[in-house]
Structure formats: C-alpha cells, structure tokens
There are 2 protein chains.
Amino acid sequence: MRPAFSTLDSMLRPSSVAVIGASADPTRIGGRPIHYMLDQGFRGQILPVNPNRREIQGLPAFAGIADLPFAPDTAIVAVPTKLAVEAVGQLAARGVKSAIVFTAGFAEMDEAGAAAQASMIAAARGMRLLGPNCLGLFNARHGFYPIFSSSLESGWPQPGRIGIASQSGAYGTHVFAVARNRGLGTPICVTTGNEGDVTIGDVIGWLAEDPDTDVIAAYAEGIREADGLLAALEAARQARKPVVMMKVGASAIGQHAAKSHTASIAGDDRVTDAVLAEFGVVRARTTEEMLDIAATATKRIYPVGNTLGVITISGGAGVLISDAAELVGLPLPEMPADAQARLKAMLPFAAPRNPVDCTAQAFNDMTLIGRFTDSMVEDGKYSSILAFFSQVGGSRTIAPALREQLNATKAKYPDRLYVLSVVARPEQVREYEQDGFVVHEDPTRAVVAIHAMGRFGDAFARAPDPAPSPAAPVALPRTALSEAEAKRILAEAGISSAPERACGTADECAAAAAAFGFPVVMKILSPDIPHKSEIGGVLLDVTDADQVRDGHRTLLARAASAAPNARIEGVLVAKQLEGGVECILGIHRDPVFGPIALFGLGGIFVEIAPDVALHRCPFGPEIAERMIRSIKAAPILLGARGRPPVDLAALAHTLAHLSQWAVATGPRLLSVDLNPVLALPDGAYALDAVIELSPCDDQKEIAQ
Amino acid sequence: MRPAFSTLDSMLRPSSVAVIGASADPTRIGGRPIHYMLDQGFRGQILPVNPNRREIQGLPAFAGIADLPFAPDTAIVAVPTKLAVEAVGQLAARGVKSAIVFTAGFAEMDEAGAAAQASMIAAARGMRLLGPNCLGLFNARHGFYPIFSSSLESGWPQPGRIGIASQSGAYGTHVFAVARNRGLGTPICVTTGNEGDVTIGDVIGWLAEDPDTDVIAAYAEGIREADGLLAALEAARQARKPVVMMKVGASAIGQHAAKSHTASIAGDDRVTDAVLAEFGVVRARTTEEMLDIAATATKRIYPVGNTLGVITISGGAGVLISDAAELVGLPLPEMPADAQARLKAMLPFAAPRNPVDCTAQAFNDMTLIGRFTDSMVEDGKYSSILAFFSQVGGSRTIAPALREQLNATKAKYPDRLYVLSVVARPEQVREYEQDGFVVHEDPTRAVVAIHAMGRFGDAFARAPDPAPSPAAPVALPRTALSEAEAKRILAEAGISSAPERACGTADECAAAAAAFGFPVVMKILSPDIPHKSEIGGVLLDVTDADQVRDGHRTLLARAASAAPNARIEGVLVAKQLEGGVECILGIHRDPVFGPIALFGLGGIFVEIAPDVALHRCPFGPEIAERMIRSIKAAPILLGARGRPPVDLAALAHTLAHLSQWAVATGPRLLSVDLNPVLALPDGAYALDAVIELSPCDDQKEIAQ
C-alpha cells in the first residue's frame, strides 16, 4: 500500500526540525541549513543535535536524539555514513514522522552501500525518508531550508507558484538558480537523491495536492517506482496542474552516466516517454525550455485545440514564427477573408493573413495595434496571440502607448494567452509581466511554450480512457512454448493466426496443404528453436504436394544438423496469406512499468529509423487504434495512393487483446513477438509468434 | 559578369555620402541617418540634398543632385516612390558609385512596382544599389549609419568581429539588438530589402573579404541569385570564416508569408539546405542559436574531427549534456583507462569516464579542477572542453580560484575550445569572456555551439571536390520523349536500363521475350502517355509466349480506350529483373540553382518521411556516393542483416552521369524521373525513365 502524498507534509511544512550532526559553522553541511533557516525566519522550532556543544548558532543544542525535549515533525540527518543508519532508527523510535538524509555512501557507491541503504529503510519503519545522498529541499513560504547547497547564497527564491522536483541535487538547484535570476518564483524545490523511500513521483504528487502550487517542473534521470509516479501524474492532471519534465538519459552515454551516479535506474527512455505522454506531461529538451513552459503555464490558460494568431512588425519574424509553429505542430489558421479586407482597408501596407504583418507603419497610429489585435481575437478566434515587436517593445517613447493598446485588448478578452516577443530592459519586461503578459525575447522559444499550453489543455480536457475489464488470469505452461503452442494460447486470447496445422508425417503435411489450398508455408516445430529462419527452418511458396514432401524432409534434416538436441514436435503447415501490410506487435516487460505493448510496421521498415508506438498494458481498442495511427508510416495502413486500407478494427483489437493478455499472464511473461502480423483489408493474422517466459520458481532453483 | 564584391566598398566604407530627401527631423526616414552619423562621428562628408532648405541638422544642404559640389562615394535615397527612379538616374549620371534606397513601393507591392524597380535598376547603369525597400546598413567602425531603424536609439553596436547580412530589415536589426544586449559585437549590419541589385550573397562575399570581419551571421528568406551566393560561400570557406545562417520559409505558411513580403522568392527549402551544406554553412534554427554559434566562433578555434570532454559538478548535468551531444552527433569519447584510474585515485568520489563528474568535492582542493582539466586535454585529447559549474562559477568565494585553475590549463593548451556553463552575474560572465572562455549558461546551447565549431573545421579542411570535366552539350529532341527514347538517350550518357526492345507486333514481342528469357515486363510505348501505370499500361510477371500475345492485345486496347488521341509507337518488352533494392534517381530544375539531383529509395519508402539526398549538378561519383550513404535508409543498400550489398559504384556512377548529363542538356530539361532504378549486387538498371522538356522557343510561340 503506497503511503498518501500528504505523508510528506511533515518534511515540507514542519513545525519543528531536528538537525542531527548540527554544526556551528554556517558553511558546513550540518551548519548551512540552520544558518539559512535563521536568516529566512523559519516558522517553527530548530533543534540542533550535537554531543559536543551546548549551543549552536545561538540555539540550545542537544547531546543526542534521546535528549530531544519532544519528537519533532522532521529531522535532518547530516552525520557520517556509519552513524546515519543508527540515527534514522533512533528518530523512528522517537516517533519523528520523517527524515531528510544528506549522508552519502549508500546505494550510489557499491553493493555494501546498497545493503546499508536497505538497513536504513528498514530502520525507518515507515517513517518517510528523503535521500539518502540528497542535497535536501526548501520551502520558502515557511522559511524552511533543510538543504546544504550554496546556491541560496547568491539569492533567495522569488515568490511564485512553481514547484521543482528533481532527482539530481546539483541540477535541481541549477534550475532554481536560473529561474531565480530570470525572476521566476520557485518557492519549493525538493531533491530526492538515492530515493531510498521518497521518489520523484511522491514529490510530484505532493505538489499536485499543494494549494500553493500551480505548476510542476520536474527533472528525472530514471524512474524507480511506477505506482507513485502514475498516481501523481493522474492527480496533477485531475487538478489541472501542468507537469513539465526534463527526463534525461536518452543517449547511450547518457544512460551510462545516469547509472554511474546517484544509484539511478535508467530504464528505456522510450517507455518513460510513452508513459509521460499518456498523462499529458510535456517533456522539455532543455532547461530553458522547461522554464519557458513553466513561466508561461503560471498564467493558467490552457487552451483546448490551441490556435496561434501572430501579429508582427517584421515579415521576416512572421516567416520564422510560421516555421517554428509548423515544426511543433501548432496551427496558424488564416484570418477570415472579410476581416483581412477590413485590416487591409485600415492599413494598406499590412499583410493580414496570419501572421498578420502590420509593419512599422502601425506605430504612426497606435490604435491600429489595438484594432488589429482585437480583430485577431474576435474574427480569427485564436486562443493564443503572439506579438512580435522586437526592440520597439522596449522603446521608451513607443512602449507606453503599445502597453496601453495591448492591455485594452487583454481586458476585453482575458481568456486568451498573450505572449510578447520584445527586446527590452529587464524592468520593462517586469512591467509587461505584471500586466499579465508572458514575455519571451526569442520568438521560437515563445512558440514552443505556447504550443505546450495547448498540449496541457488537451490532456486536461481528455476523459480518462475506459480501462478494459480485467481479464481472467491466464495460466502459462511451465516450459518454453513452440510456435504452435504460442499461437494456440494467443488464439484463446482472441488473436488470430493464419489457418495452420501441426503435422507429424509428410503425409499429414500434404493433407493439410491440400485442405488449405496452395501456396503454403512450412516451418519446423520445436520449443527449442525460437528463431527458425536462422537455421533455414521456414519454407515459403510451397506450391504442390511433391514440394510439401520434399519440404518435410528438408526441414527435419536442417533441424537435426543445426540443433541436434532440440525437441522436434513436427512441422507446421500454414496457408500462405498474400498481400496486406506486415506489422510487428510485441510485448516487452519493463522493469518499472511492467508489460509494454509495441506496434510498428514490419519487414524492411524496422531496420531504419524506429517508427513504433509504445503503451503500458492493458488498454482497449481505442488506445490501440490511436497507437496505430500515431506512427509515421500509418498512411500505408490507411490506404495511401489507392492501396486498399487494412482492417484497422481487427488490427486494433488484436493489439488490445495482446495487451490485456500480457497483464493476465502475470510476471513470468518476459516478451511476446508477433512478427509479422499481416494486416489485410479483411482481418489481421499473426504469421509467427514467439513467447519468452522466465522459468518457474522451482525451475529457477534447479538451475541455480 | 558578376561585379566583384569589392564594388560594395563605396557603400560600406565611403568617404562621402549624399542624403537625397534629407530631413531636419532626426526621427524621420531622411533625418535619422544624418542624426546617427553626426552622433557617432562619421569619418567622411555628409551632403544633405533637399530643395527647400539651406541647412539640415547643422550641415549645409544642396537643392538637388546636380548641385552637389562633387560626386560622393554613395547616396541614401529617401524620397517618395515616384521620385526615386529619377534620383537614381541622376546619381548614376553624376558618377556616384552606389546608392542605398530606402524608398518602398516597388516589387514588394505589385506588378507596376516590379516594373518601376526594373526601371530603377536600368537607370542605375551598373551603379551598385542596395534595396529598394531596404532599412539600410551600418558600419560602426566608420561611424557610418545609413539606416532608419529606431533600434540604434536603445544602444550602439559593440566593437567586435561579427558581420550581419540580412534580407529582412526588421529582423536583421532585431538580431543586432539582441546581440548588443548580450554584449556581442556586430559592428556591421547590412539589410538587402528587395534585392533589386545587391543580394545577400554580395554582402556575404564582401564580409568574407573584409579584414575586420571573422564571422558572418546571415538571415535569408529566399535566395534570388545563385552565382553570387556560391562565390561568396566559397570565398568565406577559403578565408576560414564561418557562415551561420537562419534560412526561414521551410513551412508551407512560412513560404506563403515569405512570398507576401519584400518581394521574396522562397524556393525549395531543401535545395537551399543542400547548397548551404555543400559549403559548410551551419544553419541555425533560432536567433539565439545563431548568436550562440557566432559568439563561439569568434574564438576562431574550428577543430577538425571535433571531440568533447565534459567536466561537471553535477552528474545530472553530465547526463543531459551527453544526451544533447548524441542528438547533434558530437562524439564524447571515453577517457583512457589509466587516466581514469589516476583521477579516481585523486578523488575517489569522481566518475572519470567522460562526462568527468568531479562532484562538488573538488572544491575542497581547487587544484583538483586544474589537474582534472589538464588530464582531459592531455590524456583525453579532446578538442573542446565544456565545464559545467552552474552557480558555483558565479560564487564570490569560489569563482576567483576556479578562474585561476581554468586559466592555467588554457595557457598550457591554448589551441582548445573552452566553454563554461555557469550561472553568474553579467560582470562575472564578462570576466570569463575576457579570459578567452566562451560562456553559455544553458549546457544544451553550449553543446550545439561547440558542435558547430567542428562542422566549420571539417568544412574548412575539406579539399574542394574535383569538378567533373564538362560534358559535351547534348542535343535534345524537339518533342516529348517516349520511355524507349528516354532510355536510349540516357544510355548514351552511361545510364543502363534493363535489356529491352521496342516492338510493333505481337510476334516481335514474343521473339524479344524469348531472347531475354521469362519473366518479362511489357509496357505501352507512347510519348503521350508518361504515367503508363495509371492507365494499366504496364504488365509484370509475363511468363510465357501466350501471355505475351495476350498482353500485346491488352495494352493496345487499354491505350485506345484511355488515351484515344495518343500516338502509339508499339509495346516495350523488357527483361524483368528480380531482387535488389528499388531506388529513385531524379533531376529537378530549381529556378535559382539550376538542375538539382535527387537520390532516395523507391517503392513504399517515398510515401513516408522524405528520406532523400539532393545536390547541385554536375558532380562526380565521390559526391554521388556521399549522397547515397547520407540517407537514413542507406543500411538497406549497404547490406544490413545479411542482405547482399548493392553495387554502390554502379549506382554512384549512374547518379553522377545523370547529374552531368542534366547540365549538358541545357535549360530545356525540366525534370528526369528514373523510378525505379534497380540497384543489384552487380549493376544498377533504370527500369523506367520519364524526361520532361520545355517546348522549343518556336513551339512556345505556336502555343501562344
């Protein structure tokens, strides 16, 4: 049973905090948090613990945890590795609700460290624990700074409604420092370190429930635990709180680097990507992009079916913005023809299509800016407006009148998102921001941020997909499966194969072929030969009875020669289906998220750029169809260039059935590979099936 | 004959300038340049021309161009449209060398404006002319400001060695303003407007020859003229001056917007992309990226075979940087094992693989930073070093010692590129920059800029590709070509087709098929039916003589029914080649760059993401092979998964021959479509050929 997110209250809004390993030196790991809290007026009681001092930084100190006058809400643990486990045990025994463990030397180091970390979690006996090996957290609203980063020395957090959740301490505080320097308020920042207990999912979940947080900016290297993250992302979606995440470790070197620090598990990045997309999380590619999106999101305008209207004084910027919008997929519909005519009548030099180029001429009569922008909202009905005014927006003479015009439009239509691309002094930018405008100097960055608001809006508006009713548990055989067995067991789950028959003798093969009609396919049938084509164990285009008999002999001979110890169950004869499109359907067990379904085109396609869709199992045919339509090559299935469209419903049902079956089989199912599934205008048929199981527990014991 | 780039000297470094339409009001179009030049101390003589005033802004004014005491080097034209053409004619008559024409209302407006622009160019009689409809230019080194942008009011250009060339005035000055605000020196900025005469290519060429410019930042919407641009890019490459370009208009809306302003020709973006790549121009996706790259390039370190060593205090940042590097293709080789062991011995917490994570522990002994960085240069041999120090790099207490360490390494190995990712106050950033470090707060942006330096280095180091010897001119037939004629004419150019024969009767067809061996392909043969398969005019898998006779009848019947007026020349019988990989080779005439060759895979591939390589014609087999290897699907040709590799030499020669032939045929060749060319393990054969010609001049007259 996962603890409620609110169990983190004690470490994020405590009324008292003990500091185990407290230091009188405000630059030491055990001294800096006390120094920060005293400086910023922590609204609770600070209880330094140090066996050698009676007083620390002006506060009375206690010799040990047992000497504390009462059990504080939370405690900072900043003692050496060998003392930390014991300290956590003592805190738990005193009834302290949570601990923030700075101490390093645990799972990030080696096996012994991992064992020590496990002991620490056991000693916590359910007490919530941040870290170990974490930099700490801060909650500026409470003046609470259990953190030993030096980044607060260069400035305190600004007020605001963005919360930061980060696995990395150094990078989390980097994000904070960059945000602060650009005037963005991130009063809460939590870094999770080794995640012995509290994960990034817990922190996101707590922020989703926090009434003072509107926007969540997260940084992750690898997800360790699925349930908490999934619950947190759904809670954020329900609360209409955007989550923008940098999830790093997509590259080979990046995965290696992620694994080699802070004990991170870097899973398959594409799986994480699919899970994040499911909940409407927007993935940022850079720190700047994350902060651009978070800053824009604080306006809390998340359009459904976002459209962009661009007003510009530079045709060149209009072109650049159009390019950027097309690249991310943000529509720029044209202004209605009659509205274009009206704008053209007001200002003959204007190009009013959208981007609406009002040229610098508009500054001769500033009301033109207002009238143009009004028309874009009223007639163009854009949910987002991007105004490119470059350095004119920062001009001392023009900017005040411009602000007045824009504010008037905004007051009339407050439900739209207004973003300005201006080159202005910081104090001028602050003025626009105080008016409620979002300011991004770079127009491309503005487009990316505006697009993200629509993605949030669409995710918030989407009804949760109907969960398929749970399938009855499927009993898997104890041993490896031959192709025929695999197909039989999948057929029970509603997955069709081409008509086929497992045969023993050459005569049986010939009879089966005659019954199906020629041509047929023949394959060696053995649970011990999963990759039949590698030993020449598949014969295509077998066109008459003589060839069937020859084929039977050939297959047995090849198997005997290539795999003399394999158990041979006979030969599979199948009707050879022709035409259609070869697809791949598969299941892969992710260590964190469990069975993941994959869909893509088969044959030569899989060898080039990966063009596949992934989704957590189980799901129904709606999501399956969405996956199928999402791949780049989808037009080939949908009937491009006069080709007959395939039976999408049958294909979607096959994929959905597979996903439900994968869950019903339980954790012994490692992978399924249906390659190819032939998608025909009428039906979809698995032509091959490989199921990989982990051994039963008793078999594992025998093997060991 | 293209004028030399140095003919722009008179408009970029004049010793005297007349201002036609001079104004006493320093905010008017004819007054602002005078005001700017007086303020900034233009080093030459300013000659205001205005019929109504004796004195303007303190300078003696002249009533007309005829009244000027001598012919100035250049002139600003800021008079209404209907006076501008005459003014240009008078300036040319006086022997003025160049004119900068602000006046609008020409080709950007309508047909009449285009005609007026043509008259103006004619009136200039070879005098160089910037614009019309341009914002002007500035050269701060000479205090020369013939520009009416208000962007100079918020600050003058910083000293530096970056030149800006921009087709758009508003966007060009936006780039200048953003650069200036971040402390980047762009003392020269030229905006070309309608490009009636001077094009962006001319400006790039002049900057390539300018001894005071090291780096060229360019903004283009569409290229109007090829020769100047090609000569300019080659001059820049030879001078080892990086060109970083924003070329916008890739999107459909963007192309429309580009066409609807400043009379731009937005050609095929992919063609421009191919041409820019040929010369090592790096294309920036955003303004920020263009300036990041330009700023980094001012260090003039352009590594060949660039490699990146990363030193970081955050493992998370290391992962993020690795991801970013993999995305752009910048290698991060591992540190040698022995060096890793030495670093690990110095600092047990370090992860020394690369990224080298020295953790915040390194700040306990600052010499560790120096020793680590030294080892990365000496042992890792990285040409570029990226150091992520985040806010520690901006710490008052730590930064000075850090600077000292980094400066010592830099002094020892000055030939490397050193980039810092630090969060620091602007004045601290300036200090690092003065030391010779490049500073990019965002590590992802740092990676992109570092990668660009290697691309410049590789382009500068590359020997020009050997130009193929010019092919003898090819005479094209006067009329449209049938498939057989097309193949015959291409065969003369060295492009092989499958064995085939044009036949009249069914008996001739049967004889041809028997000679080739079955199966054969049969096609209707008519110059008037270019897309045969659309009328059922292609029969595959014809396997015996009876089918050949049936096929002959079928094809004639289908042609008679679907295209009753087509001239039918008979039936083409070809050997049906099997196996191999279907490719597409084509030629398309670009209105600016002439014939462009295309290579891609055929069949189902062309329907999905465009995966093609383009190149200007003509070229030799080396470039052809590079094109073939550059497509994503290239592994399919090179023998992926045990498939036999195709005959790459034959395929490359076919493509190179086609490119040379396309030039030799002259401008009547509109397009060639060899779809498919079958690439076999032994040879490459065009299975179909469609050649599209424009009518001869006399035929055009008849048609009109």
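Reminder, nothing fancy here: chain letters follow the sequence lines and each chain counts from 1.
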Under a 4.0 Å N-O cut-off, is there an ion pair linking [X] with [Y]?
X        : Y        : answer
A:Asp273 : A:Lys247 : no
B:Arg445 : B:Glu289 : no
A:Glu153 : A:Arg32  : yes

Checking [X] against chain B: side chain, backbone, both or neither under 4.5 Å from a heavy atom?
X        : value
A:Ser149 : side chain
A:Pro348 : neither
A:Arg285 : backbone
A:Leu320 : both
A:Ser151 : both

Most heavy-atom pairs under 4.5 Å with chain A, out of B:Thr287, B:Thr312, B:Asp442, belong to B:Asp442
What are the two closest non-hydrogen atoms of A:Leu601 and A:Ala633, and how far apart are they?
CD1-CB, 3.6 Å
Which one of A:Val392, A:Thr359, A:Ile313, A:Val178 has the most heavy-atom pairs closer than 4.5 Å to chain B?
A:Val178
Please enumerate all residues that pass ring-ring contact (aromatic ring centres under 6.0 Å, His included) together with B:Phe363, with sequence neighbours excluded.
none
Under the ring-ring contact (aromatic ring centres under 6.0 Å, His included) test, which residues partner A:Phe102, sequence neighbours left out?
A:Phe148
